[in-house]
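Here is the structure we will look at, set down as structure tokens.
Small disclaimer: the values here were computed from a predicted structure and weren't measured. By convention in this document, chain letters (A, B, ...) are assigned in the order of the sequence lines, proteins followed by strands, and residues within each chain are numbered from 1.
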Amino acid sequence: MSSSQPFITSSPIVAGPRRKSKFTFKHLSLLSQSSTSCPLRVVAHIDLDAFYAQCEMIRLGVAEDQPLAVQQWQGLIAVNYPARSFGLNRFIAIPEAKKLCPQLIMQHVATWREGDDKWAYRPDSSKSINTDKVSLDPYRLQSRRILAVIKETLPPAPPQKVEKAGIDEVFIDLSEHVHSILLERYPELAGPPPYDDPLENLPQPPSTVLDWKADALVDLDSSQTEDDDPDWDDIVMLIGSEIVRDVRKAIREKLKYTCSAGIARNKMMAKLGSGYKKPNSQTVVRNRAVQHFLSDFKFTKIRNLGGKLGEQVVSAFGTDQLTELLTVSLDQLKAKVGDDTGTWLYGVIRGEDTSEISPRTQIKSMLSAKSFRPSINSIDQAEKWLRIFVADIYARLVEEGVVENKRRPKTMNLHHRQGGQTRSKQLPIPSGRRIDEGSLFDLAKTLLGQVIVDGRAWPCANLSLSVGGFEDGVTGNRGIGGFLVRGDEAKTVNSAQRLQNGHDSTDEEFAPRKRRKVADDPNIRRFFSKSESTGEYEDFDEDSGLQTPEHNDATDSGHQQSSKPEQDGRPKEQELHQQQLETYFCKACQRSIPRSEEAEHQDWHFAKDLENEDRHQTGSDTIARPNSNSVVRSKRGGSGTMRPGRGGKPQTGQKKLAFS
DNA sequence: GTGGATGAG
DNA sequence: CGCTCATCCAC
């Protein structure tokens with residue numbers, strides 16, 4: 001804990017130049033609404049340290065100071081921090097890595113293998129590139145567990161503004177939470193503004209020492225040191241930092257993972273902040289430090305400027321230094337990259353970013369793909385891989401709650417690459433019918449046929465299968481029996497859609513399912529439990545949609561077994577079948593329940609699950625709607641802020657009114 | 001809605 | 001690097 005020095009110290013407040021805060025009661029109100037244009041906004045970015053490597057360390061029970069890397073075929077895809085101190089990184093060749101760090105532990109990722117119906121960690125996987133495809137499922141599972149801990153650590157009040165930005169990172173909008181803590185702590189802010197004028201400035205904060213604990217603080221520009229008194233924007237950052245510290249602590253204590261975090265006024269700055277000091281540290285970027293902090297970066301490090309757009313800007317202005325771009329006028333920027341992108345760029349290099357934290361934690365598509373080292377040359381070969389892709393995707397669909405009709409993908413897509421050419425075809429997944437491996441595989445085969453009809457399809461260097469267009473299943477939760485169904489377009493459930501006894505079977509309906517909604521993720525309870533799939537393409541029994549082939553319960557301790565890196569015999573098929581008749585497998589509990597107790601058990605869940613809805617966000621709709629990144633800030637003159645266009649082509653930004 | 005491209009991790 | 005995911009755009 002090399003704590004850094006507090007940056008803001010007490011100022012004895014004698015006839016300060018300013019008796020009032022520069023923020024107003026209106027700003028405070030905007031904070032409570034998580035307005036993206038609020039100057040007191042607090043956003044956090046949390047990033048797991050070398051995530052895949054940590055997953056493997058924890059799974060295998062490797063000591064924290066042991067160098068470990070995660071291997072995929074002949075490359076490394078993650079390197080933990082102890083290993084990095086030997087000079088290792090992701091792009092280093094394996095013999096090189098061993099030379100630099102002889103004690104390096106290398107763990108290959110889990111793989112799917114033809115003829116097997118589960119992914120597994122296999123001792124020979126790195127030599128099996130021709131028969132295996134990698135599975136990231138273990139990491140997805142861990143990611144869900146972590147997300148769940150984050151959510152349960154934060155106030156429950158829906159909507160929780162947590163955005164999953166990747167398998168190992170999230171953004172959190174802390175504004176509302178910070179606001180409530182602020183009012184508790186400083187009751188003088190709670191009253192109505194003087195003269196009931198929201199534009200009245202807030203009182204100045206008490207000039208106490210701000211205790212930043214162990215947080216890293218971004219240095220101030222030397223030109224800014226005079227304006228020393230803490231204002232409310234400093235206080236809210238401090239509160240945000242305390243919250244984030246609690247979240248990180250919970251992740252650490254409950255799941256053993258370390259992470260780094262950034263706390264700042266918006267997503268961009270929070271993200272830059274989380275990368276400032278790693279591993280296992282958090283960094284506060286106070287508003288007064290933004291410019292100085294940014295000046296150290298190449299603008300190509302900023303999100304959306306890492307690719308062709310960034311290159312375009314570099315070549316247009318002959319520099320990759322952010323500071324130099326600051327001297328470029330808005331009009332010049334617009335002239336080079338278009339109006340919208342130019343406007344976006346002008347703001348972003350000044351630390352402005354009004355993009356929303358969209359409280360979405362669920363994926364929109366899933367994909368299973370493989371590059372073929374020697375290319376493949378026949379339909380036969382292609383179909384073998386399709387079989388594996390389908391098994392992979394189906395297992396993940398099960399995790400998504402698809403068999404319980406919680407969510408459902410609408411389309412399937414097949415991509416095919418031959419040489420430089422990539423072509424794809426897509427088809428709707430027939431509605432009204434249960435999704436199973438057999439139907440998915442048939443669809444995939446159809447797509448394959450469509451892709452290879454015209455033109456040369458061989459040799460094929462890459463195939464990828466994806467499903468997408470997920471629709472929410474039933475989200476409602478009324479109904480004494482807990483029986484719910486969903487029509488194709490039903491987004492919510494009302495009494496008319498509710499069935500008496502759970503088995504109406506119009507052709508257009510999916511098989512009605514009992515409700516079994518678990519917070520977000522039924523699978524998070526089991527550490528590295530394998531996802532299931534039958535491996536065969538037979539239908540489930542119509543009334544046993546909830547059941548899954550039994551897991552091997554031997555490792556189910558709710559926690560990792562450091563002793564068992566490798567898996568694990570699974571039940572024999574016959575036993576499986578027998579078991580399925582007498583029990584059903586409750587994914588929420590991760591255990592088998594006797595048929596006789598099924599109804600009661602379901603009802604118990606039903607009653608239990610009336611909390612967390614991740615669905616409809618009412619949104620802070622005063623300003624912007626979910627997914628709209630664009631909010632106009634009208635500080636003076638009011639310039640629009642928009643997303644950058646793609647490929648240098650600006651896209652229309654939508655404008656929303658702001659305050660002030 | 002479809003298919004390609006860009007971008008991030 | 002190889003694999004996943006998301007978003008946007010022209011059609």
Side-chain angles (χ1 to χ4, degrees), chain A residues 45 47-52 69-79 89-94 96-97 108-112 126 129 132-137 139-140 143 163-171 267-268 271 274-275 300-312 338 340-341 355 358 360-373 385 389 392-393 396 410-417 420-428 447 450-451 461-470 627-630 642-654:
Chain A
H45 180 253
D47 199 309
L48 277 292
D49 299 321
F51 180 54
Y52 293 179
V70 180
Q71 183 182 356
Q72 180 178 291
W73 313 134
Q74 291 314 307
L76 303 179
I77 57 170
V79 176
N89 62 57
R90 277 201 309 291
F91 303 105
I92 213 159
I94 286 181
E96 215 74 25
H108 198 278
V109 296
T111 61
W112 287 89
S126 69
I129 188 168
D132 291 15
K133 88 169 287 306
V134 309
S135 170
L136 301 182
D137 238 26
Y139 311 132
R140 289 189 199 102
S143 179
E163 175 179 326
K164 187 166 182 167
I167 196 168
D168 65 346
E169 55 178 325
V170 295
F171 288 100
K267 287 168 81 169
M268 173 184 61
K271 168 112 194 182
S274 69
T300 51
K301 295 298 175 195
I302 292 178
R303 190 172 168 95
N304 289 322
L305 289 169
K308 302 212 166 173
L309 176 58
E311 279 175 32
Q312 188 190 347
D340 295 338
T341 305
S355 52
S358 69
R360 211 185 19 70
T361 55
Q362 303 196 325
I363 61 155
K364 295 181 172 160
S365 67
M366 58 178 68
L367 169 150
S368 189
K370 180 153 176 89
S371 302
F372 303 113
R373 276 257 321 260
W385 287 106
F389 293 165
D392 179 14
I393 284 175
R396 287 152 63 185
K410 278 208 309 280
T411 61
M412 174 183 283
N413 197 317
L414 183 74
H415 278 253
H416 170 281
R417 196 176 77 220
Q421 294 265 76
T422 167
R423 300 199 309 151
S424 72
K425 286 291 170 193
Q426 119 181 38
L427 282 173
L447 286 168
Q450 294 185 6
V451 161
N462 180 283
L463 269 185
S464 80
L465 187 72
S466 64
V467 295
F470 278 88
N627 253 351
S628 152
N629 276 351
S630 337
M642 40 241 28
R643 286 172 250 142
R646 288 291 189 262
K649 293 200 169 179
Q651 143 218 7
T652 318
Q654 309 136 340

Task: 5'-most by nearest nucleotide on DNA chain B - His415(A) or Lys410(A) - done: Lys410(A)

Task: DNA chain C: 5'-proximal contact among Ser371(A) and Ser365(A) (nearest heavy atom) - done: Ser371(A)

Open item on the list: OP1 or OP2 of dC5(C) versus the side-chain N and O atoms of Lys364(A): is any pair under 4.0 Å?
Closed with: no

- [ ] Could you state the atom-to-atom distance from CD1 of Ile393(A) to P of dC3(C) in whole Å?
- [x] 14 Å

Task: Charged N-O contact under 4.0 Å between Glu169(A) and Lys164(A) - done: no

Open item on the list: In this structure, is the centre-to-centre distance between the rings of Phe389(A) and Trp112(A) below 6.0 Å?
Closed with: no

Open item on the list: Students often get this wrong, so: under 4.0 angstrom with heavy atoms, is Arg417(A) touching a base, only sugar-phosphate, or nothing?
Closed with: nothing

- [ ] Give the rounded distance in Å between these two atoms: CZ of Phe372(A) and P of dC1(C).
- [x] 20 Å

TODO: Can you tell me the distance, in whole Å, between the CG atom of Asp49(A) and the P atom of dG9(B)?
DONE: 15 Å

Open item on the list: I want to verify a distance call: between dT6(B), dT2(B), dA6(C), whose nearest atom is closest to the Thr411(A) side chain?
Closed with: dT2(B)

Open item on the list: Nearest 0.5 angstrom please: Ser143(A) OG to Phe51(A) CZ, how far?
Closed with: 5.0 Å

Check: residues 462-469 of chain A side-chain donor-acceptor pairs under 3.5 Å, at least two apart:
{"from": "Asn462(A)", "atom 1": "ND2", "to": "Lys370(A)", "atom 2": "O", "distance (Å)": "3.3"}
{"from": "Asn462(A)", "atom 1": "ND2", "to": "Ser371(A)", "atom 2": "OG", "distance (Å)": "3.1"}

Task: Shortest side-chain distance from Val134(A), nucleotide among dC1(C), dT4(C), dG4(B) - done: dT4(C)

Open item on the list: Output the rounded distance in Å from CZ (Arg303(A)) to C1' (dT7(C)).
Closed with: 10 Å

Open item on the list: Does dT4(C) have OP1 or OP2 under 4.0 Å away from a side-chain N or O of Lys133(A)?
Closed with: yes

- [ ] For Ile363(A) and for Trp73(A), locate the closest nucleotide of DNA chain C by heavy-atom distance; then report the residue assigned to the nucleotide nearer the 5' terminus.
- [x] Trp73(A)

Task: Among dG4(B), dG9(B), dC1(C), the one nearest Ile77(A) by side-chain distance - done: dC1(C)

Task: Nearest-angstrom distance from the residue atom OH of Tyr52(A) to P of dC5(C) - done: 9 Å

Task: Gln426(A) vs dT2(B): side-chain N/O to OP1/OP2 distance below 4.0 Å - done: yes

Open item on the list: Over all strands shown, is Gln74(A) touching base, sugar-phosphate only, or nothing at heavy-atom distances under 4.0 angstrom?
Closed with: nothing

TODO: Have a look at Ser466(A) and say if it touches a base, only the backbone sugar-phosphate, or nothing, with a 4.0 Å heavy-atom cut-off.
DONE: nothing

Open item on the list: So Phe470(A) and Thr411(A), do their side chains get closer than 4.5 Å, heavy atoms only?
Closed with: no

Open item on the list: Applying a 4.0 Å non-hydrogen cut-off, can you work out what Gly166(A) is touching in the nucleic acid: base, sugar-phosphate, or nothing?
Closed with: nothing

TODO: Would you mind telling me which of dC1(C), dC5(C), dG9(B) lies closest to the side-chain atoms of Leu367(A)?
DONE: dC5(C)

Task: Gln72(A): side chain to side chain donor-acceptor pair (under 3.5 Å) partners, not counting sequence neighbours - done: none

Open item on the list: Are Arg140(A) and Ile167(A) packed together at the side-chain level, in the sense that at least one heavy-atom pair is separated by less than 4.5 angstrom?
Closed with: yes

Open item on the list: Closest approach to the side chain of Asp392(A), judged atom by atom: which nucleotide of dC1(C), dT4(C), dG7(B) is it?
Closed with: dT4(C)

- [ ] Ignoring backbone atoms, test whether Lys370(A) places a side-chain nitrogen or oxygen under 4.0 Å from the OP1 or OP2 oxygen of dG2(C).
- [x] no

Task: Rounded interatomic separation in angstrom, taking OH from Tyr139(A) and C1' from dG2(C) - done: 13 Å

Task: Protein-nucleotide distance (Met366(A), atom CE; dT4(C), atom P), rounded to Å - done: 12 Å

TODO: Look at all strands and tell whether Ile94(A) reaches a base, only sugar-phosphate, or nothing, counting heavy atoms closer than 4.0 Å.
DONE: nothing

Open item on the list: With a cut-off of less than 4.0 Å, is there a side-chain N or O of Arg140(A) near OP1 or OP2 of dC5(C)?
Closed with: yes

Open item on the list: Within the 4.0 Å heavy-atom criterion, would you say Ser368(A) contacts the bases, only the backbone, or no part of the nucleic acid?
Closed with: sugar-phosphate

Open item on the list: Mind checking if Lys164(A) touches a base, just sugar-phosphate, or nothing, with heavy atoms under 4.0 Å?
Closed with: nothing

Open item on the list: Over all strands shown, is Asp168(A) touching base, sugar-phosphate only, or nothing at heavy-atom distances under 4.0 angstrom?
Closed with: sugar-phosphate

Task: Rounded distance in Å - CD (Glu311(A)) to C1' (dT6(B)) - done: 11 Å

